[in-house]
**Q** 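Before I ask anything, let me first share the structure, which is written out below as structure tokens.
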Amino acid sequence: MSSISFLNQVDRMFAKAAGHTNHPEGLLKQIRICNSMYKMEFPLKKDDGSIEVIQAWRAEHSHHKLPTKGGIRFADNVNEDEVAALATLMTYKCAIVNVPFGGAKGGIKINRKNYSEGEIERITRRYTYELVSKSFIGPGIDVPAPDYGTGPKEMAWIVDTYRSLTNDPLTAAACVTGKPVTLGGVRGRTEATGLGTYYGIREACSIEDDMKKLGLKTGLADKTVIVQGLGNVGYHAAKFMQEGGATIVALAEYEGAIHNPKGLDLEAVVAHRKKTGSILNFPGATNITDSAKALELQCDILIPAALESVITAENAPNIKAKIIGEAANGPVTADADAILLAKGVMIIPDVFLNAGGVTVSYFEWLKNLSHVRFGRMSKRFEQASNERIVSAMAKAVGIDIPPVELANVTAGADEIDLVKSGLEETMATSYTEIRNIAVAKNTDLRTAAFINAIDKVAVSYGEMGIFP
Ligand code: NAD
């Protein structure tokens, strides 16, 4: 672990980027600081009748756009500094992918493995109650989402608690995203961050000049990949990378890592872990008991998708990957960043690469406010128009198209198709924006991403007349 706090790491990255802009000092300070931090301590009545005091936080980093947005993590090492740092990254992330929100983050200091489901539910509902009572949640105020250690079930408890405490029947569903689809969630949210990670890496790997500099060919087909963390983000990132043609050569979890230079079949590893409780001892693979050592194995692309500060000044010199795709938040410390850049490693930064989650959360929020499933109004219309065009063309050239094929080529877009296509468009466009800045300013992708974010937030403050 680095001795410099996570928030300091983020601030150092901000300062590096701010140096490339001409914004006044006061404006830069306003963009950098965390606007509000709510620290709470509340009681949990445990199943055995005892009382435990739970510590938790919600940070709203920037109110330049509302609502603020950011996940809630359950982790026993979460602290105020980390929550503020993650909220800060959310502000920049939203700006980079043009999602009209400020940044926020929540944290509850628990190791969820030590609590029963009933206890987790009581913690989640009480946390929501605290947020409601201090106006730290609401469709137009602050909209949480899943993060490390939380998922659709917690989001369902949050929306249910919010609804029961507020008189907001029309928009209540938009108070949180990442909900189950049956409770107003959007199709594609679960896999969004991993899919966005894949789209982002694929985009980076499609640029010949950049790949040439790394001694690599374009595309994913010949690339070897290591993924750390097989949770929501890591699993989906690995899945889409594998489906996109890359070879997964190592997977790392908290219990250890497995390595096979010839490739690991992700689904077989997941099935093995389900059966045995561990990824270790997977047939054909070598066990690595010190899981973190897997980050130092030979590969083209390293995807840390677990926690922050896993690549530090200590292990950065040993990293052999040519590309690091930051699926987790803050996996590379500022010192490690400098070492890796000096070695010529391409780092695709978290503020861009894992923005798929918030992008699709934005789609979910829009769906909740409009009360209509994406594609519902257009799917049949699109299909009928397509059929008319294809049939007319087939008639003109004198061919018969079998009904099954006709149905395939003319199908209208469903919610999942629209969500994926919106995400793909977002990741591709944002990557181009960042890369163009990196080329123009002769800087790395993270600095370029931060410059992009700072400029966009500065414009919002300018439009409010707060700064010239
Ligand atoms: P998750 O809880 O679903 O998964 C995390 C995984 O990491 C777990 O499987 C856990 O066992 C594993 N892990 C923990 N310590 C480890 C270690 N030392 N070595 C290897 N593996 C370890 O969480 P998630 O939602 O996948 O989030 C992962 C990261 O992605 C976090 O940094 C989070 O902030 C970031 N992120 C998540 C989302 C999202 O939509 N879920 C969006 C943006 C960013």
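One-based numbering, in listed order, for ligands and for the atoms of each.
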**Q** Considering only heavy atoms, which of Ala306, Gly229, Gly231, Ser361 lies nearest to atom 28 (C) of ligand 1?
**A** Ala306
**Q** About how many Å separate CD1 of Ile301 and CD1 of Ile348, when rounded to the nearest 0.5 Å?
**A** 7.0 Å
**Q** Has Lys39 got a side-chain atom pairing as donor or acceptor with Glu80's backbone, closer than 3.5 angstrom?
**A** no
**Q** Counting only nitrogen or oxygen atoms and a 3.5 angstrom limit, does Glu308 reach ligand 1?
**A** no
**Q** Can you tell me which residue and heavy atom of the protein come closest to atom 3 (O) of ligand 1, and the distance to 0.1 Å?
**A** Asn232 N, 2.9 Å
**Q** For the CG atom of Leu340 and the CG atom of Asp335, what is their distance to the nearest 0.5 Å?
**A** 11.0 Å
**Q** Under the side chain to side chain contact (heavy atoms under 4.5 Å, CB included) rule, collect the residues that match up with Lys109, sequence neighbours excluded.
**A** Gln55, Trp57, Val78
**Q** Counting from 1, what ligand 1 atoms have a heavy atom of Asp147 closer than 4.0 Å?
**A** 25 (O), 33 (C), 34 (O), 36 (N), 37 (C)
**Q** Could you see which bit of Leu230 sits under 4.0 Å from ligand 1, with heavy atoms only: side chain, backbone, both or neither?
**A** backbone
**Q** Based purely on interatomic distance, does Lys105 place a nitrogen or oxygen under 3.5 Å from a nitrogen or oxygen of ligand 1?
**A** no
**Q** Just let me know how Ala327 lines up against ligand 1, side chain, backbone, both or neither, with a heavy-atom cut-off below 4.0 Å.
**A** backbone
**Q** Counting the benzene-type ring for Trp, do Phe74 and Tyr148 have ring centres under 6.0 Å apart?
**A** no
**Q** Quick one about Asp168 and Tyr162 (side-chain donor to acceptor, distance below 3.5 Å, no hydrogens or angles considered), yes or no?
**A** yes
**Q** Does either side chain, that of Arg189 or that of Thr177, offer a donor lying less than 3.5 Å from an acceptor on the other one?
**A** no
**Q** Heavy-atom distance under 4.5 Å between the side chains of Lys179 and Glu364, does that happen here?
**A** yes
**Q** Provide, to 0.1 Å, the distance between atom 24 (P) of ligand 1 and the closest protein heavy atom, together with that atom's residue and name.
**A** Val233 CG2, 3.8 Å
**Q** Would Gly71 count as a contact residue for ligand 1, given that I'm defining contact as a non-hydrogen atom of the residue lying under 4.0 Å from a ligand atom?
**A** no
**Q** Before signing off on this row, confirm whether Leu86 and ligand 1 have an N or O atom pair separated by under 3.5 Å.
**A** no
**Q** Does the protein place a non-hydrogen atom closer than 4.0 angstrom to atom 32 (O) of ligand 1?
**A** yes
**Q** Is there a salt bridge (charged side-chain N to carboxylate O under 4.0 Å, His left out) between Glu326 and Arg446 once you walk through the steps?
**A** CA-CA 10 Å; Glu326 293 186 331; Arg446 188 191 314 281; 2.8 Å; yes
**Q** Distance to 0.1 Å, residue and atom name: give those for the protein heavy atom nearest to atom 16 (C) of ligand 1.
**A** Tyr254 CB, 3.8 Å
**Q** Name each donor-acceptor pair under 3.5 Å that joins a side chain in residues 192-201 to protein atoms two or more places apart or in another chain, with its distance.
**A**
| residue | atom | partner | partner atom | Å |
| --- | --- | --- | --- | --- |
| Thr193 | OG1 | Gly357 | N | 3.3 |
| Thr197 | OG1 | Thr193 | O | 2.7 |

**Q** Please determine if Ala328 has a nitrogen or oxygen closer than 3.5 Å to a nitrogen or oxygen of ligand 1.
**A** no
**Q** Just to confirm my output: which protein heavy-atom neighbour is closest to atom 42 (C) of ligand 1, and how far is it?
**A** Thr193 OG1, 3.3 Å
**Q** Backbone or side chain, does any N or O of Asn329 fall under 3.5 Å from an N or O of ligand 1?
**A** yes
**Q** Calculate, to the nearest 0.5 Å, the distance between atoms SG and NZ belonging to Cys94 and Lys69 respectively.
**A** 8.0 Å
**Q** Checking the N or O distance criterion of under 3.5 Å, is ligand 1 in contact with Glu253?
**A** yes
**Q** Please could you name the atoms of ligand 1 that Arg189 approaches to less than 4.0 Å, counting only its heavy atoms?
**A** 40 (O)
**Q** With distance as the sole criterion, is a donor-acceptor pair present between the side chains of Thr286 and His259 under 3.5 Å?
**A** no
**Q** Show the atoms of ligand 1 that are less than 4.0 angstrom away from any heavy atom in Gln228.
**A** 19 (N), 20 (C)
**Q** What residue and atom, counting heavy atoms only, is the protein's closest point to atom 5 (C) of ligand 1, and at what distance?
**A** Tyr148 CE1, 3.5 Å
**Q** Nearest 0.5 Å, please: how far is CE in Met13 from CD in Gln9?
**A** 6.0 Å
**Q** Does at least one non-hydrogen atom of Arg73 fall below 4.0 angstrom from an atom of ligand 1?
**A** yes
**Q** Give me the nearest non-hydrogen protein atom to atom 2 (O) of ligand 1 as residue plus atom name, then the distance to 0.1 Å.
**A** Gly149 N, 3.0 Å
**Q** Is there a ring-ring contact (aromatic ring centres under 6.0 Å, His included) between Tyr38 and Phe136 once you walk through the steps?
**A** CA-CA 8 Å; Tyr38 175 28; Phe136 263 74; 5.4 Å; yes
**Q** Does Ala305 approach ligand 1 within less than 4.0 angstrom via side chain, backbone, both or neither, non-hydrogen atoms only?
**A** backbone
**Q** What's the shortest distance from atom 43 (C) of ligand 1 to any protein heavy atom, and which residue and atom give it?
**A** Asn354 O, 3.5 Å
**Q** I'd like to check which ligand 1 atoms, numbered from 1 as shown, lie under 4.0 Å from a non-hydrogen atom of Ala252.
**A** 20 (C), 21 (N)
